[in-house]
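Worksheet: the structure to be examined is printed underneath.
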Amino acid sequence: MTGNEQNPSKWLAAEKKYDSGVYNKHDVVMVRGQGATVWDENGRSYIDCVVGYGVATLGHSHPDVVKAVQEQAGKLMVMPQTVPNDKRAEFLQELVGVLPQGLDRVFLCNSGTEAMEAAKKFAITATGRSRFVSMKRGFSGRSLGALSFTWEPKYREPFGDAVDNKSVDFVTYGNLDELRAAVTEQTAAVIMEPVQGEGGVRPASAEFIQEARRITREKGALLILDEIQTGFCRTGKMFACEHFGVIPDGMTLAKAIAGGTPTAAFAMMSEVADRMPAGGHGTTFGGNPLSMAAGVASLRAMKREGLAEQAREKGAYMMDKLRAIQSPKIREVRGLGLMIGVELKEKSAPYIHAMEHDEGVLCLAATPLVVRFLPPAVISKEQIDQVVAAFERVLN
Ligand SMILES: CC(=O)N[C@@H](CCCNCc1c(COP(=O)(O)O)cnc(C)c1O)C(=O)O
């Protein structure tokens, strides 16, 4: 036990005192994680069905990732992308090896919102156009460029015209007529998540995503799939687009891409990459050797452990168990793989709070009525049973 456990409020007070204030902070300090479990500073354990908003799909502190990071940290952590590096090259080979056919050019960066910013710039230079189509309830990040694709008004309104709302048309997710009307010869790209995450865990229909592919081709626009939350085994395939038989012109990636290190990418077709002027974009930390080492270890572990199949099988199991709960408070259980949402007929926040405080399970919201579960694919069936039993208790 380290000294911190003796003064539990010490870290909580410091973080609340010095933080920017944007977050509604929990009243617990997490200090350790392994697999699907995290521990607070008092030694209490929790089953983690948040994993950093879908980052640690491989589980916390996967031994292969830890070993790779330890080794690379002692070797080389810093090297800008103007200078080739062995680990970065290895990661790019591994990544392109699992990406859909043709997506073989990659801009490496450090967060989902940065990947979306890159996607926006590459789409503009690739098409010479600057209008976009995004989705109602869509979430693409908080930076001012990505924010123009993010639907939730409360995220955009405080920043007024600094957010470019004029060049983005929002269509209803799933509405074919609205999509067909919105995509024109002025459209640079359609931006959409194959499963809306923050927007309430809403899988696209195959028909809608396939029509997005058809109409963008017809109009000379790009289809950019935001797989920042759905990517890397979360939905039961390496990438969610595989469920729908669609290959986009570009794909934004982050979260589970590199074992928990802050890593992201915009993967694209060569025709898109080749239209960006040399020096047209950049990033200091993108493609750093430390993250790349974690990414190589993470992608290899995902393949070796059959993580996508684990997510598919355990996701089906968990959704069946959730659907078996007899509660008048549940409206719908939905999702894909281990990206699961339970829509309630009332606000989800009290139940999410009770899961953490009374049951030792971490889960999260996805709009005010939806309880979202994003377990790591390494979660055991027994742990799933515990999570579902806990949820049934807090509902009653
Ligand atoms: C506590 C906190 O900061 N939560 C984040 C949670 C964001 C989770 N989603 C990130 C995301 C992003 C942005 O990714 P990033 O910049 O947070 O890495 C882009 N696209 C999709 C589909 C995404 O799901 C937020 O409220 O901005």
Side-chain angles (χ1 to χ4, degrees), residues 53-55 57 99-100 103 111-120 123 132-143 145-152 155-156 168-176 178-179 182-183 189-213 215-216 221-257 264-268 311 315 334-341 343 364-367 370 372 374:
Y53 284 78
V55 170
T57 305
L99 279 165
L103 292 175
S111 67
T113 208
E114 285 179 65
M116 194 48 70
E117 293 288 347
K120 188 168 187 175
F132 291 84
V133 173
S134 190
M135 301 293 139
K136 290 177 183 172
R137 290 200 183 112
F139 186 99
S140 289
R142 304 292 203 114
S143 53
L147 199 51
S148 64
F149 301 146
T150 296
W151 166 248
E152 180 53 61
Y155 294 149
R156 284 185 283 124
V168 182
D169 298 308
F170 287 97
V171 302
T172 303
Y173 193 67
N175 188 309
L176 293 170
E178 287 187 30
L179 179 68
V183 183
V190 169
I191 311 286
M192 63 179 289
E193 300 155 82
V195 180
Q196 290 192 318
E198 307 309 314
V201 189
R202 298 175 191 281
S205 68
E207 186 186 31
F208 185 68
I209 204 166
Q210 288 161 2
E211 177 62 6
R213 178 64 286 177
I215 191 85
T216 46
L222 304 184
L223 174 62
I224 293 174
L225 293 184
D226 181 345
E227 293 238 25
I228 287 160
Q229 187 163 155
T230 56
F232 302 101
C233 305
R234 171 60 51 194
T235 68
K237 296 271 189 188
M238 182 57 78
F239 299 103
C241 64
E242 299 168 38
H243 292 285
F244 305 102
V246 164
I247 296 181
D249 302 291
M251 190 187 278
T252 46
L253 305 166
K255 293 190 191 293
I257 186 172
F266 176 54
M268 68 198 106
R334 57 176 179 255
L336 193 57
L338 279 173
M339 190 169 174
I340 297 171
E343 182 167 337
L364 72 168
T367 70
V370 176
R372 182 174 23 161
L374 297 173

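Scope of the values below: all heavy atoms of this structure, side chains included, with no hydrogens, waters or symmetry mates.
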Rounded to the nearest 0.5 Å, what separation is found between the [atom1] atom of [X] and the [atom2] atom of [Y]?
X      : Y      : atom1 : atom2 : value
Phe239 : Thr230 : CZ    : OG1   : 9.0 Å
Tyr155 : Glu198 : OH    : CD    : 6.5 Å
Leu374 : Leu338 : CG    : CG    : 9.0 Å
Thr252 : Gln229 : OG1   : CD    : 11.5 Å
Arg142 : Glu152 : CZ    : CD    : 9.5 Å
Leu103 : Phe266 : CG    : CZ    : 8.5 Å

Between the main-chain N or O of [Y] and the side-chain N or O of [X], is there a donor-acceptor pair closer than 3.5 Å?
X      : Y      : answer
His243 : Thr235 : yes
Thr113 : Ser143 : yes
Asp249 : Leu223 : yes
Glu227 : Met251 : no
Arg156 : Trp151 : yes
Gln210 : Phe244 : yes
Ser140 : Thr150 : no
Lys120 : Ala146 : no

[X] to [Y] - nearest heavy-atom pair and separation:
X      : Y      : result
Val168 : Ser134 : CG1-CB, 3.9 Å
Val133 : Ala182 : CG2-O, 3.7 Å
Ala123 : Ile224 : CB-CD1, 4.1 Å
Val201 : Ala366 : CG2-CB, 4.2 Å
Ile247 : Arg213 : O-NH1, 3.0 Å
Gly341 : Val370 : CA-CG1, 3.9 Å

Take Ile215 and Val190, measure what side-chain contact (heavy atoms from CB on, under 4.5 Å) needs, and give me the verdict at the end.
CA-CA 10 Å; Ile215 191 85; Val190 169; 5.5 Å; no
Min side-chain heavy-atom separation Met116-Phe139 under 4.5 Å:
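No. Closest side-chain heavy atoms not under 4.5 Å.
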Would you sort out whether Met238 and Phe232 count as a side-chain contact (heavy atoms from CB on, under 4.5 Å), showing the intermediate values?
CA-CA 5 Å; Met238 182 57 78; Phe232 302 101; 4.0 Å; yes
Kindly indicate, with the supporting measurements, whether the criterion side-chain contact (heavy atoms from CB on, under 4.5 Å) is fulfilled by Lys136 and Asn175.
CA-CA 10 Å; Lys136 290 177 183 172; Asn175 188 309; over 6 Å; no
side-chain hydrogen bond (donor to acceptor under 3.5 Å, both in side chains) between Arg234 and Thr57: does it pass, once the steps are laid out?
CA-CA 7 Å; Arg234 171 60 51 194; Thr57 305; 3.2 Å; yes
Do Arg202 and Glu193 sit within salt-bridge range, that is, some charged N less than 4.0 Å from a carboxylate O?
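Answer for the salt bridge query: no.
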Taking everything shown except Arg137 itself, do over 12 heavy atoms lie less than 6.0 Å from its CZ?
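Count not over threshold, so no.
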